[in-house]
Amino acid sequence: MDYQHLAEQYQADLLTDLATLVAVDSTRDTAHATPTAPLGPGPAQALATMLGFAERDGFTTANIDHVAGRIEAGQGDTILGIFGHVDVVPAGSGWTSDPFTTTIQAGRVYGRGTADDKGPLLAAYYALRLLHDQGVPLHQRVHLIVGTDEESEWVGINRYLTTEPTPDYGFSPDAEFPIINGEKGIATFALTFHQPQLTPASLVLTGFSAGLRVNMVPESATATIRGALPADFAQALGEFAAANGVTASLTSTGADTVSVTLTGKGAHALEPKAGVNAATYLATFLTAYGFDAAGAQYLHAIATYLHNDSRGHQLGIAYTDKVMGELTASPDLFSYTPDGPQTIAINVRYPQGTDAATIRDQIETTLGAEHVTVAVAGHAQGPHYVAASDPLVQTLLQTYTDQTGLPGHEQVIGGGTYGRIIPRGVAFGAQPVGQENVMHQANEYMPINALIQAVAIYADAIARLAQ
């Protein structure tokens with residue numbers, strides 16, 4: 001069967017559905033939760049929209065408490081699970097087009113979720129539709145499972161697995177080809193600074209904030225300052241920005257107060273080097289000035305232990321495993337007020353051989369328990385690995401090679417996908433080999449030909465696995 005030729009026949013329909021799905025701002029919004037939208041109106045609406053596509057095309061669906069869903073195909077005792085999600089990270093700034101309206105330019109479709117994960121999810125769905133339309137028999141049950149909280153706490157997929165049949169094995173179309181059969185552990189560490197003794201100072205840090213989510217390198221950061229700035233402060237700020245590839249603005253907000261904002265580049269926290277962390281650059285610049293004790297402590301910690309050190313050497317947590325590679329550390333959320341919380345959230349992706357409790361202790365030892373309390377925020381996910389010899393991995397790699405002509409090989413990443421939710425789960429596409437990773441960034445896109453090729457690869461893979 002020429003899956004590529006067949007997949008091309010669905011391009012117009014897929015892009016129409018993608019435009020409809022991208023138009024839903026499905027960022028988690030529990031502040032506006034209701035009984036029929038527990039994670040906010042956007043995630044619930046995106047789930048209903050996705051299930052609506054399947055019902056339109058004749059599939060049986062299930063909506064699990066408005067936080068997860070299922071699209072069903074095939075029959076049999078074994079369940080092949082395909083795990084995707086319709087929620088997205090906040091759009092953020094820096095877009096050259098409306099992030100919730102798909103825009104096609106130079107063969108790419110732009111919009112929040114086109115690469116992570118609405119586009120790949122639809123590619124997997126259209127693979128099922130292709131097989132259904134062609135009458136290809138599936139001798140296993142295929143469950144396309146849709147989550148609505150992958151970018152946060154995995155509420156939807158966890159609810160699903162407690163109430164619905166757990167697939168025997170499967171894959172998530174939420175990463176890159178040729179395969180991801182290993183994922184590092186993921187934990188976020190919340191640093192809360194202790195208030196030092198008050199001391200007189202010429203400058204007082206009255207605020208410091210940066211970041212949208214714990215899995216996004218902060219694109220911009222803002223500090224507010226009270227006191228008499230040196231005469232050359234603005235010039236020094238401009239020179240620092242020019243030398244470090246960031247942009248800066250300085251705004252007077254009162255008789256003796258100013259606001260300083262730096263803008264860098266956002267990125268997915270799985271590889272902090274892909275971004276320019278505005279918060280650590282801003283803190284590094286400000287440490288040259290004489291701030292109050294609390295402000296100086298906060299800025300010094302950022303500049304000394306977090307700036308330009310994505311592998312955690314300065315924090316004392318660096319670790320490398322020969323299979324899973326290096327630990328990565330991304331400080332992503334910053335909040336400081338003089339009389340309130342003074343916090344930093346660091347997102348760490350760690351290989352097998354270490355664990356969240358060890359990393360917590362190492363961070364607190366480095367920074368000093370007398371200065372900061374360190375806690376694991378939420379539930380840490382341990383490393384996940386499916387052996388390259390597993391038939392699932394072998395089948396997916398062979399399918400990839402047969403469809404693309406490119407060699408397949410195992411890979412381990414720092415990202416966390418639903419592939420890790422079951423023991424025999426992997427991530428499989430849809431990002432092509434060599435494409436820049438634009439997930440969680442402004443102007444997120446997916447090449448249209450890559451989406452269509454993914455439909456062909458997924459259709460072939462499902463047919464082989466469920467034969």
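The model shown is predicted, which means the values in this text are computed figures rather than measured ones.
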Within the side chain of D117, is there an N or O that forms a donor-acceptor pair under 3.5 Å with the backbone of H85?
yes
Sub-3.5 Å donor-acceptor pair from the side chain of R213 to the main-chain atoms of D332, do we have one?
no
Does a side chain donor of either [X] or [Y] reach within less than 3.5 Å of an acceptor in the other side chain?
X    : Y    : answer
N347 : T188 : yes
T373 : H194 : yes
D355 : T358 : yes
N443 : T96  : yes
Q314 : T304 : no
H268 : N215 : no
T417 : E183 : yes

To the closest 0.5 Å, what do you measure between [atom1] ([X]) and [atom2] ([Y])?
X    : Y    : atom1 : atom2 : answer
L121 : L21  : CG    : CG    : 7.0 Å
T287 : L282 : OG1   : CG    : 10.0 Å
L451 : T114 : CG    : OG1   : 8.0 Å
L397 : I179 : CG    : CD1   : 4.5 Å
I145 : S172 : CD1   : OG    : 10.5 Å
S152 : D29  : OG    : CG    : 10.5 Å

Check for me whether the distance between the ring centres of F193 and H371 falls short of 6.0 Å.
no
Near-ring test F291/F208, centroid separation under 6.0 angstrom:
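Distance test on ring centres: not under 6.0 Å, no.
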Between [X] and [Y], is there a side-chain N and carboxylate O pair less than 4.0 Å apart?
X    : Y    : value
D390 : R424 : yes
E271 : R311 : yes
E164 : R70  : yes
D149 : R28  : yes

Test side chain to side chain donor-acceptor pair (under 3.5 Å) on D17 and T20 and set out the steps.
CA-CA 5 Å; D17 286 348; T20 301; 5.2 Å; no
Side chain to side chain donor-acceptor pair (under 3.5 Å) between S26 and K118, intermediate numbers included
CA-CA 10 Å; S26 50; K118 293 177 178 179; 3.1 Å; yes
Are [X] and [Y] close enough that some pair of their side-chain heavy atoms sits under 4.5 Å apart?
X    : Y    : value
P331 : T280 : yes
I180 : V426 : no
L262 : F240 : yes
I302 : H307 : no

Determine, stepwise, if the pair T222 / T261 fulfils side chain to side chain donor-acceptor pair (under 3.5 Å).
CA-CA 4 Å; T222 298; T261 298; 2.9 Å; yes
Over 60° means perpendicular and under 30° means parallel, so tell me whether [X] and [Y] are parallel, tilted or perpendicular.
X    : Y    : answer
F428 : F177 : perpendicular
Y418 : F83  : perpendicular
Y445 : Y110 : tilted
Y458 : F171 : parallel

Dump the intermediate steps for side chain to side chain donor-acceptor pair (under 3.5 Å) on Y319 and Q362, then the final yes or no.
CA-CA 12 Å; Y319 190 88; Q362 291 169 328; over 6 Å; no
For T224 and T257: C-alpha separation, side-chain torsions, deciding distance, then whether side-chain contact (heavy atoms from CB on, under 4.5 Å) applies.
CA-CA 7 Å; T224 53; T257 60; over 6 Å; no
